[in-house]
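Worksheet: the structure to be examined is printed underneath.
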Amino acid sequence: MDLSIVIPLYNEEESIPELTSWIDQVMKGNGFSYELLYIDDGSKDRSWEVIKQLSVKYEHIKAIRFQRNYGKSAALHVGFQKACGDYVVTMDADLQDNPEEVPEMIRMIREEGYDLVSGWKKVRHDPVLSKNLPSKFYNWTVRRMTSIKLHDMNCGLKAYRKQVIKSIEVYGDMHRFIPVLAKWAGFKKIGEKVVKHQERKYGVTKFGLERFIRGPLDLISVIFITKFGKRPMHFFGIFGTLMFVVGLAATLWVGIQKLLALKHGIHAPLITSNPYFYIALTSMILGSQFFLAGFIADLVTRNSADRNKYMIDEILND
Ligand code: UDP
Ligand code: MG
């Protein structure tokens, strides 16, 4: 089979029929054999009934329904596990992504050797203040922090070589960072294609204000994992040691000053009334906390099941 099209959806009953026939038309027109994987992420509307009805007419449809809403990442993860096509495409279910972009994206993978091609909604039809601007800022930050030069990291429309999605594990809210995950897994050739974007025709967006809190937190943890995931001690240890040493030196300095003053009979206040004493103390305590955090983090990574999981590309003469 050429293509697996993975579509996570949550309460998109109105869009699914149009989307299904649109995809079918594009795939047939371009001579692709394909499977259409709908992952119903615990929809509360009639999405599942709609999919069931459509699957009678379209034999390409395979579908999975979650017991409850787990989030887009979870839906993608399950879809990726199921996918059997040589190339895998992900798309949003809300008709904002245009299936007609898919053939060109697949061509880029096949002929130009890309591992992953991400859509770029250059002209975007979403609310400017709540979506477009924050997204620009977010993409700019990710570009600066990671070496992946994409303009639209979190575009729902993406195409992958099969090995990519079989090597990565999307969890939590990591669907926002799939290109970063792919890069970690060793897939370097990541490209983008400008795609047409439509306004949401039915239903409402499923990502509200909470993404302003979760997005940045996830970004921090992605950056941290990129840099120190395998050796957390390299981060905490340096900080911890530095703070402890500074604190220790400051405490000694405060103490020696007091002793010198005593020796020369100069009146000096009690050490405990000296503000520097408390700053020095805090620094020492924080330093040892950092150090311990690093140590414990190191023990955790030591025990993680995939500490020695390497994706092997080829083996010769085994
Ligand atoms: N989605 C999902 N589970 C969720 C939230 C969203 O499967 O918990 C799906 C949703 O149905 C859509 C896609 O993820 O197919 C993108 O969501 P949406 O269009 O609401 O995001 P936006 O385009 O507004 O960023
Ligand atoms: Mg959308």
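Atoms within a ligand are numbered from 1 in the order they appear, just like the ligands themselves.
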Would you mind checking which non-hydrogen protein atom is closest to atom 1 (N) of ligand 1, with the distance to 0.1 Å?
-> Y10 CB, 4.0 Å

Less than 3.5 Å between some nitrogen or oxygen of P8 and one of ligand 1, yes or no?
-> yes

Under a heavy-atom criterion of less than 4.0 Å, does G71 contact ligand 1?
-> yes

Passing option when K72 is tested against D94, D92, D41 for salt bridge (charged side-chain N to carboxylate O under 4.0 Å, His left out) = D92

For the pair D24 (side chain) and T20 (backbone), establish whether a donor and an acceptor sit closer than 3.5 Å, ignoring hydrogens and angles.
-> no

Should the proximity of D41 to ligand 1, defined as any heavy atom under 4.0 Å, be assigned to the side chain, the backbone, both, or neither?
-> side chain

Any I23 side-chain heavy atom under 4.5 Å of I7 side chain = yes

Side-chain (R200) to main-chain (Y202) donor-acceptor, under 3.5 angstrom | yes

Closest to atom 11 (O) of ligand 1 among protein heavy atoms sits E12 OE2, 2.6 Å

Are S4 and E35 linked by a side-chain donor-acceptor pair shorter than 3.5 Å?
-> yes

For atom 19 (O) of ligand 1, find the nearest protein heavy atom and state the residue, atom name and distance (0.1 Å precision).
-> D94 OD2, 2.5 Å

Sub-3.5 Å N/O-N/O distance, V204 and ligand 1 = no

Donor on one side chain, acceptor on other, E100 and W22, under 3.5 Å = yes

Considering only the protein, which heavy-atom contact is closest to atom 7 (O) of ligand 1, and what is its distance?
-> L9 N, 3.3 Å

For atom 22 (P) of ligand 1, which of K131, K206, K72 has the closest heavy atom?
-> K131

For T272, does its backbone N or O pair with a side-chain atom of Y278 as donor and acceptor, under 3.5 Å?
-> yes

Answer yes if V6 and L95 sit in the same cluster of Ile, Leu, Val, Met, Phe, Trp and Tyr residues linked by side chain heavy atoms under 4.5 Å apart, and no otherwise.
-> no

Could you check atom 24 (O) of ligand 1 against the protein and tell me its nearest heavy-atom contact, residue, atom and distance included?
-> T205 OG1, 2.6 Å

Would one find an N, O or S atom of D94, in either backbone or side chain, under 2.8 Å from the Mg ion (ligand 2)?
-> yes

Side chain, backbone, both or neither: N69 near ligand 1, heavy atoms under 4.0 Å = side chain

Quick one: nearest non-hydrogen protein atom to atom 17 (O) of ligand 1, plus distance?
-> F207 CE1, 3.5 Å

Can you find an N or O of R200 that's nearer than 3.5 Å to an N or O of ligand 1?
-> yes

Within the stated cut-off of 2.8 Å, is an N/O/S atom of T205 closer than that to the Mg ion (ligand 2)?
-> no

K183 vs I190 side-chain heavy atoms within contact, under 4.5 Å = yes

Which protein non-hydrogen atom lies closest to atom 23 (O) of ligand 1, naming both residue and atom, and how far is it?
-> Q96 OE1, 3.1 Å

Option from V102, V88, N30 for which side-chain contact (heavy atoms from CB on, under 4.5 Å) with L3 holds | V102

